[in-house]
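What follows is a short report on a single structure.
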Amino acid sequence: MDRIAITGGARLNGSIPISGAKNSAIKLMAASLLTDEPLRLTNMPRLADTRFLGKLLTRLGVSVTESDGPDGQQTILHAPEITSGFAPYDLVRQMRASFNVLGPLVARSGQAKVSLPGGCTIGARPVDLHLQALEALGAKIDLHEGYVYAQAPRGLKGAEITFPFVSVGATEHAMLAAVLADGTTVIHNAACEPELVDLQECLNAMGAKVQGAGTPTVTITGVPRLKGASHAVIPDRIEMGTYAVAAAMAGGEVRLTNARPGLIDALLEKLKEAGAGVEETADGCIIRRNGERLNAVDIETAPFPGFATDLQAQFMALMTTANGESRIRETIFENRFMHAPELMRLGADISVSGGEARVRGVAQLEGAEVMATDLRASVSLVIAGLVARGETTVSRIYHLDRGFERLEEKLGACGAQVRRIVGDGEPEL
Ligand code: EPZ
């Protein structure tokens with residue numbers, strides 16, 4: 001298996017273009033199941049997760065063609081007919097968001113059999129709200145032997161859906177199913193993440209009638225059929241935030257481009273509070289730090305527009321060398337501190353109790369061998385490695401490849417000493 005080696009100590013200076021958002025791209029790809037015409041997605045990131053989903057969609061009858069189009073990386077997805085409504089465990093297990101094919105499959109062809117995704121290192125991550133939404137839309141749901149069987153032979157029906165708490169995936173799933181339902185659906189307590197707005201824009205370009213995404217109430221007026229469209233994937237706010245933290249950690253001056261203002265305000269506020277220089281630009285931001293040690297600040301994760309849970313591990317890495325003690329509260333997932341013991345291998349002083357971690361800043365981290373446990377945890381180790389004395393080697397980086405496009409190249413272009421060590425093909429224990 002491949003590993004990433006980082007030699008700490010280099011400051012970062014340069015510019016990093018932000019890719020299209022993984023967490024939007026994979027929901028937009030699922031939308032291709034809703035029409036027999038081609039859906040062209042531009043600003044597409046090339047990631048392990050988009051490849052996994054492409055593989056599953058191909059089995060369901062979608063042709064998936066990746067190419068470099070007139071406006072950059074594009075994927076054209078075309079499902080003239082659904083040839084199978086079956087999503088097997090092997091594929092759904094590899095990427096849990098594959099579960100979101102269930103709604104579009106039932107909406108278009110009246111039935112589907114999709115594996116339950118199972119747990120995950122960051123938490124149990126049940127899908128009860130997804131199923132509640134589909135049942136409200138009139139699907140008959142049965143669970144057998146790890147699979148969800150959903151049926152709506154006469155089509156889905158518009159409904160009022162009230163989520164008991166905010167779920168990004170369940171809101172997206174309800175939108176993907178309701179666009180072809182008969183009548184109007186209103187989703188109350190919807191997630192407000194920017195990826196929902198992106199999904200709304202893409203669905204509307206396909207002829208859907210969705211409004212309110214980005215607010216807690218989303219209204220969908222069902223239409224009998226959708227058509228093909230072309231849509232540019234929103235910039236990846238988590239990638240943007242990750243490189244903002246990396247720049248604040250390593251010092252120097254980094255300009256993040258191809259992004260949008262307003263996507264990571266909660267993080268930028270915290271970076272300013274910690275003492276980093278932050279300048280917002282028309283297509284991203286500039287992050288500066290000139291040698292001064294950062295101050296410890298507290299964070300608490302929350303649904304958008306709060307501090308994103310997907311940036312918590314990176315921020316914890318930043319706080320390991322800040323001046324003072326930082327309290328980090330994780331409120332979205334119950335087990336999202338797996339990076340803490342790995343950061344401690346680099347010399348960080350962290351104690352975790354329930355949903356709270358206390359990070360006491362140390363003057364210097366030391367390079368060591370560490371192991372990635374999930375996508376965002378793995379990049380937090382790379383960030384820590386940027387300032388650790390000597391060499392840090394991160395193993396199990398297949399997690400990293402799921403969500404960060406050309407990470408070594410992007411950081412390397414700013415002067416970071418980051419290289420991939422290609423493995424011998426042996427699986428890692
Ligand atoms: C999305 O996951 C993202 N994944 C996550 O990013 C992100 O951390 C999360 O939203 C929160 O922002 C994708 O978009 C592919 P949720 P999702 O449903 O939709 C509980 C990354 O690193 N819940 O908003 O699965 C759930 O267990 C990933 O890119 C239920 O109890 O998140 C969690 O505690 C990690 N029942 C909370 O709600 C349900 O049916 C919020 O989860 C659904 C969720």
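Note that ligands are numbered from 1 as they come in the structure, with each ligand's atoms numbered from 1 the same way. The first residue in the sequence is number 1, and the count goes up from there. Note that the coordinates shown come from a computational prediction; the quantities given were computed from them, not determined experimentally.
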Check whether [X] reaches the backbone of [Y] with its side chain - one donor and one acceptor, N or O, closer than 3.5 Å.
X    : Y    : value
E409 : E405 : no
R289 : A248 : yes
T321 : G361 : no
D236 : K22  : yes
R358 : R327 : no
Q200 : A213 : yes

Whether [X] lies under 4.0 Å from ligand 1, heavy atom:
X    : answer
Q132 : no
H173 : no
F165 : yes
P126 : yes

Do me a favour and list the nearest non-hydrogen protein atom to [atom] with residue, atom name and distance?
atom                    : answer
atom 22 (O) of ligand 1 : R376 NE, 2.9 Å
atom 24 (O) of ligand 1 : V168 N, 2.7 Å
atom 35 (C) of ligand 1 : R336 NH2, 3.5 Å
atom 41 (C) of ligand 1 : I332 CG2, 3.7 Å
atom 19 (O) of ligand 1 : G169 N, 2.7 Å
atom 36 (N) of ligand 1 : D128 OD1, 2.6 Å
atom 26 (C) of ligand 1 : F333 CE2, 4.1 Å
atom 5 (C) of ligand 1  : D310 OD2, 3.7 Å

**Report entry** R419/E391 ion pair, N-O < 4.0 Å
**Finding:**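 Salt bridge present between R419 and E391.
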Query raised in the report: Are R336 and E330 ion-paired here, with the side-chain N under 4.0 Å from a carboxylate O?
Result: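 No.
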With a cut-off of 4.0 Å, which atoms of ligand 1 are near a heavy atom of [X]?
X    : value
I26  : 15 (C)
K27  : 13 (C), 14 (O), 15 (C)
L129 : 36 (N), 39 (C), 40 (O)

Quick test of your reading of the structure: of [options], whose heavy atom lies closest to [atom]?
atom                    : options          : result
atom 27 (O) of ligand 1 : R125, Q312, K22  : R125
atom 13 (C) of ligand 1 : N23, L53, T309   : N23
atom 18 (O) of ligand 1 : P164, A308, S167 : S167

**Report entry** Aromatic ring proximity H188/F163, centre distance under 6.0 Å
**Finding:**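 No.
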Query raised in the report: Can the ring centroids of F315 and F307 be said to lie less than 6.0 angstrom from one another?
Result: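 Yes, the ring of F315 comes within the 6.0 Å limit of the ring of F307, centre to centre.
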Query raised in the report: More than 12 non-hydrogen atoms from neighbouring residues, nucleotides or ligands closer than 6.0 Å to CD on E66, yes or no?
Result: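 Enclosed: over 12 neighbouring heavy atoms sit under 6.0 Å from CD of E66.
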